[in-house]
Amino acid sequence: MTIVGGGTADSLVREDGVVGYIDVGPLTLESGYRLPRARLAYETWGRLNADGSNAVLIEHALTGDSHVARGQSRDHAPEVERLAAEAGGWWDGLVGPGAAIDTDKYFVVCANILGGCYGSTGPATQAPPEVDPEQRAWGSRFPRITVRDTVSAEAVLSDALGIDRWRLVIGGSMGGARALEWAVMYPDRVAACGVIAACASASAELLAWGQAQALAIRQDPNFRGGDYYDGEFPEAGLGLARRIAHITYRSAAELHYRFGREAQTNEDVDATHTSQRGRYRVESYLDHQASKLAGRFDANSYLSVNETLMSHDVTRGRGALEEVLAGTTCEWLVAGVDSDRLFFPAESAELVQALPGEQTLHMISSPSGHDGFLIEAPQLGMLLKKTVLKD
Ligand SMILES: CC(=O)SCCNC(=O)CCNC(=O)[C@H](O)C(C)(C)COP(=O)(O)OP(=O)(O)OC[C@H]1O[C@@H](n2cnc3c(N)ncnc32)[C@H](O)[C@@H]1OP(=O)(O)O
Ligand SMILES: N[C@@H](CCO)C(=O)O
C-alpha cells in the first residue's frame, strides 16, 4: 500500500486497496446527529456462495484498515489490483487461501471505519454542501462516532452485499468491540462472533490513556482546533499520541528484553548535557513508530477513532451485562493475550462469564502485549479451527 502524500485533506485519504464503496446515506448517529452522505470503503476476498452462508466480516483495530490480506476478489483498476496483491495484509497469516479464514471457502469482507482516513467518511472528507457550502473538509465539525454507529453503517453494507447473516464476525481490540456490538445489535445476523483482545466496555484505564493521547494532539500548535488542512499538520502531537499508545500495545518485559538500557547505535546517552544526549534504543523505537503513524494517518481521524474506542460500552442504555448478552444467539470465540496490559485478560474473562451458556476463555500466549493479537496470527488460526470454524 502506498500513502498519497501532500497537504490537502483529500490527499490524506488513502484508497489504493479499496475495491468498493457503499453510500450508507444519511446515518442517524447514537448522539442523534444525522450524518449526511456517510460512505464506507471496503475490500473483499473470495466469493459469496449461492445461499449467502459463507460470509465473514473482519473488523480492523484502531488505526488499521481494510487490507486484511493480500489480493482481492473484485475487478478493479489493474494498478490497484497490483498494489493490493503485493501489499501484505495485517492478518495475512490468518486470512487467505488455505488459512484458518480460508478465502477459497469464505467470502471475507473488511470495511474501513467511519471517522478514519482510508476512504470511509471521516474528518478529512469534504463536508457536504448542507454542512459547508464551500465543501471544505469536515475538520472540527466532524461528529463523534460511537462503536454502535460504525456497526449500524456496516449493517447497510451487509444489506448492499446481500448478506443476511454473517458466518463469523471477528476483530481484535476495537475490532473486537465492533464484533461484540454486532452480536448484540443484530443477533439474527451473526452465527459466530470472535472477540479478540477486547472487552465489554472501555475501562477507566483505557479512558485515561485515551485522554492523554487526545490532549497530545490538541496541544500541538498546528492542530488549530482541528481545522488545519490548509496549513501544517499536527504531526508532533500525533506522534506523541502514538508513542503513548504504542507503549500500551507492548509489554514491559518485551521492551526490557528487546531494548533494555541500550543506547541507539552511534548515539551517546551519557553526554553531559542531558538535553543534548543521544537516545536510548527504546526511544528511537518509539520515534520510529511515531513517525510511521504520522506518515499514514490523519490527526483528526486519530481523535475520531480514539473517541470511538472510548465510547465502547456494550451495556450503555441497555441494562446489566448478563441481561444484554442474554439476547445473543451466536457461537463465541473470546480470546485474550496473556501479556496484554491495555485490554487485560481479566476483562476478557469478565466477558466470558457474562455470556449465555458454557463458554471458554482462550488465551493467546505472546510476549508482545496487546499487539499479540496481530503478531500471533497462527495461534489465533488454531483457536478458530478448534472453535467457531471447526466445520
Ligand atoms: C489492525 C491493525 O492495526 S492493522 C494496521 C497495521 N497496524 C499497524 O501498523 C500498527 C502499528 N504497527 C504495529 O503495531 C506493529 O508494527 C505490528 C503489531 C503490526 C507488528 O509488530 P512487530 O513485528 O513486533 O514490529 P515492531 O513493533 O517490532 O516494530 C518493528 C519496526 O520497528 C523498527 N525498530 C525496531 N527497533 C528500532 C530502533 N531501535 N529504532 C528505530 N526503529 C526500530 C523496525 O525497524 C521496524 O520498522 P518497520 O515497521 O518500519 O519495518
Ligand atoms: N497496533 C494496533 C493496535 C491497536 O489495537 C493499531 O494501531 O490499530
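One is the number of the first residue; the rest follow in order along the sequence. In listed order, ligands and their atoms are each counted from 1.
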Q) Do Arg144 and Asp149 sit within salt-bridge range, that is, some charged N less than 4.0 Å from a carboxylate O? A) no
Q.
Check Arg277 with Glu283, please: is the shortest side-chain N to carboxylate O separation under 4.0 Å?
A. yes
Q: May I ask you to establish whether Arg39 and Tyr21 are in a cation-pi arrangement, using a distance under 6.0 Å from NZ or CZ to the six-membered ring centre and at most 45° from the ring axis?
A: yes
Q | Residue Arg250 vicinity, atoms of ligand 1 by number, heavy atom under 4.0 Å | A | 18 (C), 21 (O), 22 (P), 24 (O), 27 (O)
Q) Numbering the atoms of ligand 2 from 1, which are under 4.0 Å from a heavy atom of Ala61? A) 5 (O), 8 (O)
Q | Atoms in ligand 1 with a heavy atom of Arg296 nearer than 4.0 Å | A | 7 (N), 8 (C), 9 (O), 10 (C)
Q: Provide, to 0.1 Å, the distance between atom 1 (C) of ligand 1 and the closest protein heavy atom, together with that atom's residue and name.
A: Leu374 CD2, 3.4 Å
Q: Would you mind checking which non-hydrogen protein atom is closest to atom 33 (C) of ligand 1, with the distance to 0.1 Å?
A: His288 CD2, 3.6 Å
Q) Closest non-hydrogen protein atom to atom 13 (C) of ligand 1, residue and atom name please, with distance? A) Asp371 OD2, 3.8 Å
**Q.** ligand 2 contacted by Met174 (non-hydrogen, < 4.0 Å)
**A.** no
**Q.** Arg242/Asp287 ion pair, N-O < 4.0 Å
**A.** no
**Q.** Leu62, any N or O under 3.5 Å of ligand 2 N or O
**A.** yes
Q) What is the nearest protein non-hydrogen atom to atom 40 (N) of ligand 1, stated with its residue, atom name and distance? A) Ser284 OG, 2.6 Å
Q) Ignoring hydrogens and geometry, is there a side-chain-to-backbone donor-acceptor pair from Trp90 to Leu374 under 3.5 Å? A) no
(Q) Students should be able to answer this: which protein heavy-atom is nearest to atom 7 (O) of ligand 2, and at what distance? (A) Thr63 OG1, 2.6 Å
**Q.** Aromatic ring proximity, centroids under 6.0 angstrom, Phe259 and His256
**A.** no
Q | Shortest protein heavy-atom distance from atom 11 (C) of ligand 1, along with the residue and atom involved | A | Arg242 NH2, 2.8 Å
Q: May I have the step-by-step check of side-chain contact (heavy atoms from CB on, under 4.5 Å) for Trp166 and Val109, ending in yes or no?
A: CA-CA 10 Å; Trp166 294 99; Val109 180; 3.8 Å; yes
(Q) With salt bridge (Lys or Arg N to Asp or Glu O under 4.0 Å) as the criterion, how do Glu30 and Arg316 come out once you've worked through the C-alpha distance, each side chain's angles and the decisive distance to 0.1 Å? (A) CA-CA 11 Å; Glu30 212 186 331; Arg316 183 171 54 254; 3.0 Å; yes
Q) atom 28 (O) of ligand 1: which protein heavy atom is closest, and how many Å away? A) Arg258 NH2, 2.6 Å
Q. Quick check: does Arg242 get an N/O under 3.5 Å from an N/O on ligand 2?
A. yes
Q: Decide salt bridge (Lys or Arg N to Asp or Glu O under 4.0 Å) for Asp23 and Arg37; before the verdict, give the C-alpha distance in whole Å, the side-chain angles of both, and the deciding distance to 0.1 Å.
A: CA-CA 7 Å; Asp23 284 320; Arg37 303 188 195 185; over 6 Å; no
Q: Write out the residue and atom name of the closest protein heavy atom to atom 3 (C) of ligand 2, then the distance separating them to 0.1 Å.
A: Asp371 OD1, 3.5 Å
(Q) Considering non-hydrogen atoms of the protein only, which is the closest contact for atom 5 (O) of ligand 2, and what is the distance? (A) Ser173 OG, 2.6 Å
Q: Measure the distances from the heavy atoms of Phe259 to every atom of ligand 1 and state whether one is below 4.0 angstrom.
A: yes
**Q.** Sub-4.0 Å atoms of ligand 1 with respect to non-hydrogen atoms of Lys292
**A.** 48 (P), 49 (O), 50 (O)
Q: Among all protein heavy atoms, pick out the one at the shortest distance from atom 30 (C) of ligand 1; state its residue, atom name and that distance to 0.1 Å.
A: Gln289 NE2, 4.0 Å
Q: Give the atoms of ligand 2, by number and element, whose distance to some non-hydrogen atom of His370 is under 4.0 Å.
A: 5 (O)
Q) Think Arg258 forms a cation-pi with Tyr285, using NZ or CZ under 6.0 Å from the six-ring centre and within 45 degrees of its axis? A) yes
Q | Among Asn54, Asn49, Asp391, side chain to side chain donor-acceptor pair (under 3.5 Å) partner for Arg167 | A | Asp391
Q) Any Lys/Arg nitrogen of Glu154 or Arg178 sitting under 4.0 Å from an Asp/Glu carboxylate oxygen of the other? A) yes
Q.
Among all protein heavy atoms in this structure, tell me which lies nearest to atom 26 (P) of ligand 1, with the distance rounded to 0.1 Å.
A. Tyr285 OH, 3.5 Å
